[in-house]
Amino acid sequence: MINYISTRGSERALSGAQAIIEGIADDKGLYMPTVIPALAMSLDEISKLDYKDIAKIVLSAFLTDYTREEIESCVAKAYDSKFDTPEIVPIVKNDGIHFMELYHGSTSAFKDMALSILPHLLTTAMDKEGETNKICILTATSGDTGKAALAGFADVENTEIIVFFPNNGVSAVQEKQMTTQLGDNVHVYAINGNFDDAQSGVKQIFMNEDFAYVLEKRGYKLSSANSINIGRLIPQIAYYVYGYAQLVKRGEIMPGDEVNVAVPTGNFGNILAAYFAKMLGIPFARLVCASNQNRVLTDFFEWGIYDKNRMFYLTNSPSMDILISSNLERLLYLISGGDTDEVQRLMRDLDETGRYELGDEMRSSLADFYGGSCDSEETEKAISDMYEKHGYLMDTHTAVAYKVYCDYRAETGDERPVLLASTASAYKFAESVGRSIGIGGDLSGFEFIEKINELTGVEIPAGLKGLNKKEVLHDRIIEKNEMLDAVRASLL
Ligand SMILES: *Cc1c(COP(=O)(O)O)cnc(C)c1O
C-alpha cells in the first residue's frame with residue numbers, strides 16, 4: 001500500500017484518492033508517495049504494450065487504493081478519440097532526436113496527457129471516499145493548463161472549475177481557447193498580473209481557513225488541477241515509460257540501454273515525471289531541463305542556489321514564463337532523503353527572501369540534471385533551422401528544449417539517444433512560429449494559423465479550427481487582489 005505525505009511533514013498519511021481530492025496539504029506542502037514502486041515488468045515486456053496498457057501499469061503502481069477496474073475505466077475514458085491519433089503519443093525522429101509528441105489531445109498541449117484523466121481519477125476518488133461536497137477546482141495557468149483543465153472538467157458532475165490566467169500574458173490562441181469554453185460549471189478570469197501572481201493568489205485562497213469554512217457550509221471543497229496535485233504528476237510518468245518502450249520496440253536501443261531526456265520546463269512538473277520514471281527503473285541518464293530567458297532553474301542547477309529576485313521576461317514560450325517552479329519542492333524532498341524539516345526551512349527562505357541555497361550533499365544529488373536556457377531569438381532560429389533542414393515544425397517551447405539539447409550535446413559530446421518532450425502544437429503559438437519560418441506582415445494570431453497551414457501543409461488540430469469565430473463567453477478582467485472575490489462570486 002502506497003500512502004501520500006506532505007513534503008513539509010506536518011501531516012498524516014493519506015491514500016492516493018484522498019491526496020488527489022486534497023490537492024495541496026494544509027501545511028502548504030505537496031503530496032509525495034511514501035515509497036517509489038518498482039516497475040512490475042521487464043523493459044522487454046513493456047516494449048510490447050500500447051499507451052493505455054502502460055498508463056494502467058504506472059497508475060496502478062502508484063494508486064494502490066484504486067481497484068484494477070477503477071484504473072481501467074479511468075484510462076479508457078481519458079485516452080480515447082479525444083486524441084487525434086490512436087497511438088496517443090507519436091514519436092518522430094529528426095536530427096537524431098526522438099520527439100515525443102505529447103500534444104495530440106483536445107487542447108493541443110501536453111497538459112491534456114494528465115488533464116484528460118484527472119477528472120476521472122478525482123470523481124472516482126470522491127466515490128471511494130464518500131465525499132459529498134462539490135469539488136471546486138481552482139487553477140492558475142500560464143496558458144495551457146487552463147484550457148486543458150476547462151476541457152477536462154467542463155460539465156463533470158459535482159465539480160466547478162475556476163481558471164485565472166495572466167491578462168496579456170498568453171498567446172491569442174490560448175486566450176481564445178479559454179474565453180470560449182462551454183459548460184455550466186466553468187468560470188474564467190484574466191488577472192492583471194503574471195503567472196506567479198495567479199499561482200500565489202490561488203495558493204493563498206487554499207490556505208484561507210475562514211473561507212474554507214464558509215465554503216464547506218455551502219457544500220464546497222477546493223482542490224487543484226495544477227501540477228501541485230499528485231493526480232497530475234502520476235499520469236505524466238506513463239509517457240516517459242512509453243517513450244523508452246517505443247525506442248526498444250523500434251530497435252533504436254536494447255532494453256537496458258541508457259537514454260537522455262530533454263524537457264522544456266516551467267513549473268517543473270513534466271521533468272519531475274521523467275525523474276519519477278527513472279526512479280521506477282527506466283534507464284534514463286541525464287535529464288536536461290530547458291528554460292527560456294526566465295532561467296531561474298538553469299542557475300539553480302549550475303549553482304545550487306534558487307533565486308527568484310530577478311527580472312521577469314515575457315517570452316515567445318509563455319507557458320514557461322515562471323519564476324517560482326512549484327514542483328521543485330518535490331525534488332528537494334527526494335534529494336534530501338525525505339528530510340521534511342530541511343524542505344520546510346528552504347521553503348521558508350523562499351517565502352521570506354525569495355531565495356534559498358542547498359547544502360553540499362543535496363547539491364551533489366542534482367548531478368542527474370543539466371540546466372540550460374535560450375532566449376526568444378535563439379528559439380525562433382531553432383524553429384527555422386529545423387523546418388528548413390528537416391521539414392519538421394516545432395512550437396516555441398519544444399524549440400527551447402531542442403536548442404538547449406543541441407548546446408548540451410555540443411558541450412559534452414554525449415551521444416546517447418534522447419527523448420525530447422514536445423509539448424505543444426506549433427499552431428498554439430502561431431504568430432511566433434509563423435514569423436520564425438518567414439511569414440511576415442501585420443496579421444492576427446489566427447491569420448498566422450492559416451498561413452502556416454498553407455506554407456507547411458501541417459494539419460490544423462480540430463480544436464483550433466474555426467476557433468476565431470467562436471463566441472467569447474468569459475471576458476472578465478480582475479486585479480490580482482480580487483481573486484478571492486471572484487471565487488466567491490462564482491460559487492456563492
Ligand atoms: C506547461 C507547459 C510547459 C512547462 O511544463 P511544466 O510541467 O510546468 O514544467 C512547457 N511547454 C508547454 C507548451 C506547456 O504548456
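Both counts, for ligands and for their atoms, begin at 1 and track the order of listing. All of these numbers come straight from a predicted model, not from anything done at the bench. What's counted below: heavy atoms across the whole structure, side chains too, no hydrogens, waters or symmetry copies.
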Next item on the list: Evaluate the ring planes of Tyr240 and Phe284, with Trp represented by its six-membered ring, and classify them as parallel (under 30°), tilted (30 to 60°) or perpendicular (over 60°).
Entry: perpendicular
Note to self: My understanding is that only residues two or more places apart in sequence, or in another chain, count here; which of them pass ring-ring contact (aromatic ring centres under 6.0 Å, His included) with Phe301?
What the structure shows: Phe369
Next item on the list: Sort and list the pairs that fulfil salt bridge (charged side-chain N to carboxylate O under 4.0 Å, His left out) and have at least one residue in residues 385-398, not counting sequence neighbours.
Entry: Lys381-Asp385
Margin query: Once side-chain hydrogen bond (donor to acceptor under 3.5 Å, both in side chains) is applied, do any residues pair with Asp80, and if so which ones, sequence neighbours excluded?
Written below: Lys82
Check: So, do Tyr51 and Phe83 have ring centers that fall under 6.0 Å from each other?
Finding: no
Item checked: Test of ring centre spacing under 6.0 Å for Tyr405 and Tyr402 -> no
Next item on the list: Can you tell me which residues line ligand 1 if we count any heavy atom under 4.0 angstrom from one of its atoms, in chain and number order?
Entry: Phe110, Lys111, Asp144, Pro264, Thr265, Gly266, Asn267, Phe268, Gly269, Asn270, Ser319, Met320, His397, Thr423, Ala424
